[in-house]
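To find a chain, count down the sequence lines: A is the first, B the second, and so on, and within it residues start at 1.
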Amino acid sequence: MSATLPMQISYPEQLPVTQRRHDIAEAIRDHQVVIVAGETGSGKTTQLPKICLELGRGQEGGVIGHTQPRRIAARTVAERIAAELGTELGQLVGYQVRFTDRSSAQTMVKVMTDGILLAEVQRDRDLRRYDTIIIDEAHERSLNIDFILGYVKQLLPRRPDLKVVITSATIDPRRFSAHFDDAPVIEVSGRMYPVEVRYRELTDDQTQGITDAVRELLTAGPGDILVFLSGEREIRDAADALRRLRPTRVSDAFEVLSLYARLSSAEQHRVFAPHQRRRVVLATNVAETSLTVPGIRYVVDTGLARISRFSARTKVQRLPIEPISKASADQRKGRCGRQADGICIRLYAEEDFDARPEFTDPEIVRTNLASVILQMTALGLGDIGRFPFVEPPDTRSVQAGIQLLEEIGAITSARRARRSKPRGRAETRMADGRTAVSSGKNATPALTTIGRQLAQLPVDPRLGRMIVEGHRNGCLREVIIVAAALSIQDPRERPSEQQDAADAAHRRFADPTSDFAGLLNLWGFVKEQQKELSSSAFRRLCKTDFLNYLRIREWQDLDSQLRQVSKQLGLSLTKTPASAEAVHRSLLAGLLSHIGMKDVDKRDYLGARGSRFAIFPGSALAKKQPPFVMSAELVETSRLWGRVNAAIEPEWAESIGAHLVKRTYSEPHWEYKRGAVMAFEKVTLYGIPIVSERKVDYGRIDRAVARDLFIRHALVQGEWRTHHRFFHANQEVLAEAEELEQRARRRGIVVDDETLFDFYDERVGPDVVSTAHFDSWWKQQRRTTPQLLEFSLDLVVQDAADDLSVQEFPDVWRHGDAAMPLVYEFDPGAESDGVTVEI
DNA sequence: GGGGACGATC
C-alpha cells in the first residue's frame, strides 16, 4: 500500500460517537464482531471507518469494506469520510456502486452498496481483500443484508483475522448480537429533539383525518409537515383535499408537495429546493429511509404502507396495504425532531399502536427467494435449511424458489432426479455432461449449465433466462435490451399534471401486440436521437418526450454491462436484426408461469395454477386483448395485474416448457382412412390449456391400447381396405359361417369377436398399432409362417354347431326345370324372415 | 373501465 495514513485522525467533537470512540476501538480490538447501535446523527457511519483506520486496519492486511443499502448513500458517505480525512475521493477513501468504481490500489476504506459486496463474494469466497467489514444500517434487513449477515457468520471461522462491525438503529441490537454469538453491543446516543406523539384515531375517512391533522399542526407553530401515506392514489386524494382547504390566516397558507419514488426527478427535486412558504409534503415510504426531507417539524402518520409479500401458495407477488410495525412508526416519527422539537400525529389509537408487531418482517421472509437460492447454490453453500440466517425463510418459500429455478431450467433437484430414475440411485445427467448424484431428501439442488450462467448475470433469474435463450435463438442483442429495461425503473415519466400528454408521447413507440416490442422501438428512437443531437439537445428532447434522462442512461449502462457479461459467458451477440418471433420465444423462456389464456366472458386471463389476471391499463394490450399472452410482471394490488405483456402463440410455450407441460388424451378411436388409431391431445402448462384438441397418432402414446384398437377395428371388424390374402380369405370363412346362421335359424354359430380378437392378439407382433406397422411386420413374418393369420372354419364356428353344415340348406329350390334361388334370413318379425324363393 | 411501496447486482 502506497497511501499513507494522515498522522492525526480527528473526530468532530459534537458527534455522540466521538465520546465512545475508545470503547468502540477497544471492542473491535478484542472481538471479532462488534455491534454498534445508534440513531441517525450519532456519526457512526462516518466515524467507524476512521476508528478502524486508527486501529491499523485497512492498511497492510487488507481494505476496510463498508456497505450501504443505497447507491446515493454509498457515494455521499465516501465523500464525507474523504473530506474529513482531508484526502481526495478515490484515493485513500473510495466507493463502488453499479457502473461506477471510484476506488484504487491506494484505497483503504471502500464504501459500496451491499449488492457490490455480494457480487464480490462470487469471485473472492473468503473476502480476502478485506480485513474489516462494516455492515451499515443492518436494521433495514434487506435481502442483501440478511444474506451478508449469514454469509459472514459462516465465514468467521475461516477468517479469524477478519473484523466485522454491524451497525444498527437502536431498535434491536440484541438480535444481531445473538446471531454473532453474543457479540458486544455498544450503544451510541443519537442527537434528537423530543417528539410529542398525539394519537388521533380516524373517525371519518383517511383524507379527512389528514386534513384535520394538518389543520391542527398549522396552529402548533411554524415548520413543514411531512405526511406518510401508503401510495400514489392516496397521495393524490389527500393533495386534492388539502388544496381545497382554505386557511383562515395568511400565516397558515401552505403549499402541497408529493413525494414518491416513481415521481419524475424534477418533481422530486422541488422537495429539496429552498422555499419561503410553509409546506405539506405527502410522501410514501421513500421518505422513511431513502430520502430525508429537510426542515420537517411535524409528521402525520397514517400508519399504513404497501408491503411486498410473496405468496408461496400462488407464487405471486402481492402489494397489500398493511398497518406498519412499531419500529417503522417510530422511524416515521423520527423524521421530525432532527432540528428542533417536533410533533407526530398518528391517525390511529394508542392501543392500536401497542398491539402492532415490534418490527417489519425482514424482506427474506416476504420475498421470492429464487435469486438467493441460485446464488447460494452457485457458491456451493449447501443445504439452504442449514445456512445461518438471522431469521430463516419459511420452507414453503424455499420450495417455491426452487420450483421457479426448475421452471427456468437453472437447477435439477434431487426430487426430480429420483422421479426420473425410480430404480437405483438418483442420478441426473447434466447438460454439460457432468452427473449430479443426490442421495437424500435434503440434498441440495444441482446447478445446470443454464443455472451457472444465470448466477453470473446481474439480473433477476427470469430475465437472465431470457438472455440465455436469446443467444440460442440468435436475438441476444434485442433480448438484452428488453431484459435491461425490465430490470430498471421505467424510463418513461408520467407527471400527474400531464398524464395525457405523456401517454400520447409514449404511444408513438407502442406496438399493439407487444409491450416488449414497444421497448425496442423506444430504444431505437433514443439511439437515433442521440446520434443526431448534441448531448444538451438530447436532454431537452427527453424532457419534452417525457423520458427520464438518468434512467435512459441507466438502461444503456445496463445494456452494455449485460453485453459484456454475456460475452464472458460465451453468449454471442447478433449483428443482424432478429425476428419478433425469435425475441418473444426467448422472453417466454423466462415467463413460462406468467402466461395467460383469455377468458372471453370475464375480460381477463386464466393464469398459472388457476389464477386469474388482468392486463394493466397502461399496457398496449389493454384495449385489444389477444387470446394468449405472457406477462413480465404479475403483481397483485387491487387485483392481479399483468404489467408488461405480449401476445404469444401457445405452441411456443409447449416447446419451451416441454419439461413442464402435462398431456392428456381422450377418445382414442380407429380411423379407417388413416389406418391408424388417433386420439385427441390436450396440453396444459400450469393448468392452462395451451392446446385443447389436437388429433394425434395414439400408437406413439399408448402402444397397448392402440394395438388393441387396431386388432379390433382393422382385423376383427374388417374396417380396412387391404389386399392381404389372409384378410380376404378370413372374410370368406366368416361369410360362410354367417350364412350358416341364417339358414339354420340359430344365433351363436359364429364365434364372438372376442375369440377372433384373441386369435389375432396371440399372433400379431407387439409393435403393430396401425396398418402401416402391420404391413411392415407382416412382410417379414409371412415369409416363415404364411398361414399364421388364416382362420379355419373350425375357429369361427362354435362347438355346438358342429353337426350343422351349409349343405343341409340348399341354395336353390328346384321345381321341374326351374331353379329358383333361395335366400335365408334369420330376422324374426321382419317380412323377409325365413326362406325366400326368388321367382 | 380499470392504475402498483421501496431498494440492489457479477
Side-chain angles (χ1 to χ4, degrees), chain A residues 67-74 96-101 112-124 137 140-148 228-236 259-263 283-291 302 304-309 317-322 324 328 360 363 366-367 371-372 374-375 378-379 452-461 463-464 484 487-490 494 496 499 503 554 557-558 561-562 564-566 568-569 603-604 613-619 622-623 625 633-644:
Chain A
T67 73
Q68 288 294 315
R70 282 163 291 278
R71 289 189 217 166
I72 294 174
Q96 187 183 351
V97 298
R98 189 178 211 174
F99 310 128
T100 308
D101 184 0
M112 67 198 123
T113 50
D114 37 36
I116 292 284
L117 185 70
L118 275 182
E120 287 182 354
V121 165
Q122 296 281 354
R123 279 170 283 123
D124 180 8
E137 316 280 7
E140 287 192 18
R141 302 296 303 279
S142 69
L143 197 56
N144 284 350
I145 287 170
D146 269 23
F147 191 11
I148 289 174
F228 283 101
L229 302 100
S230 53
E232 216 176 307
R233 171 184 277 189
E234 292 78 7
I235 287 176
R236 251 199 297 282
L259 184 63
Y260 45 90
R262 276 196 46 79
L263 208 59
T284 62
N285 259 354
V286 258
E288 199 179 295
T289 46
S290 305
L291 296 174
T302 61
L304 299 170
R306 275 198 192 274
I307 310 273
S308 174
R309 302 247 170 218
Q317 188 197 349
R318 299 171 51 237
L319 275 176
I321 296 173
E322 294 183 3
I324 58 170
S328 178
T360 311
E363 196 183 356
R366 297 187 280 112
T367 198
S371 184
V372 170
L374 179 71
Q375 298 304 323
L379 287 167
R452 264 193 302 283
Q453 289 174 323
L454 298 192
Q456 310 271 333
L457 284 163
V459 285
D460 178 86
L463 303 182
S487 84
I488 58 161
Q489 287 183 295
D490 194 334
R494 202 164 175 264
S496 42
Q499 294 188 348
D503 287 347
E554 176 128 340
D557 285 343
L558 183 52
Q561 189 184 41
L562 291 174
Q564 199 189 324
V565 178
S566 298
Q568 286 161 10
L569 293 174
R603 269 191 81 76
D604 65 1
F613 67 88
I615 302 288
F616 197 72
S619 167
K623 290 272 177 287
Q625 307 193 344
E633 253 185 292
L634 288 175
V635 181
E636 186 185 312
T637 52
S638 52
R639 62 189 297 187
L640 185 56
W641 295 107
R643 191 129 205 257
V644 185

Is a side-chain N or O of R306(A) found less than 3.5 angstrom from the main chain of L319(A), in a donor-acceptor match?
yes
Polar side-chain atom of R318(A) near backbone of R309(A) as donor-acceptor pair, under 3.5 Å:
no
Could you check whether [X] gets within reach of a base, just the sugar-phosphate, or nothing at all, counting any heavy atom under 4.0 Å?
X	answer
R70(A)	sugar-phosphate
S638(A)	sugar-phosphate
E633(A)	base
V459(A)	base
R233(A)	sugar-phosphate
R309(A)	nothing
V635(A)	base
R643(A)	base
A261(A)	sugar-phosphate
Q375(A)	base
Q317(A)	base
G231(A)	sugar-phosphate
S142(A)	nothing
L319(A)	base

Just jot down the side-chain contact (heavy atoms from CB on, under 4.5 Å) partners of [X], sequence neighbours excluded, or say none.
X	answer
D114(A)	T67(A), P69(A), S142(A), N144(A), I145(A), I148(A)
E288(A)	F228(A), N285(A), S328(A), Q331(A), R332(A)
A378(A)	Q122(A), L447(A), A455(A)

How would you list, by chain and number, every residue that makes a salt bridge (charged side-chain N to carboxylate O under 4.0 Å, His left out) with R262(A), sequence neighbours excluded?
none
Going by the rule salt bridge (charged side-chain N to carboxylate O under 4.0 Å, His left out), which residues pair with E363(A) if we only count those two or more places apart in sequence or in a different chain?
none
Covered region of DNA chain B, 5' end to 3' end, by chain A [heavy atoms, under 4.0 Å]
dG1(B) to dC10(B)
Hey, which of these two, S230(A) or D114(A), hits DNA chain B nearer its 5' end, going by closest nucleotide?
S230(A)
Taking the nucleotide of DNA chain B with the nearest heavy atom to each, does D604(A) or E554(A) sit closer to the 5' end?
D604(A)
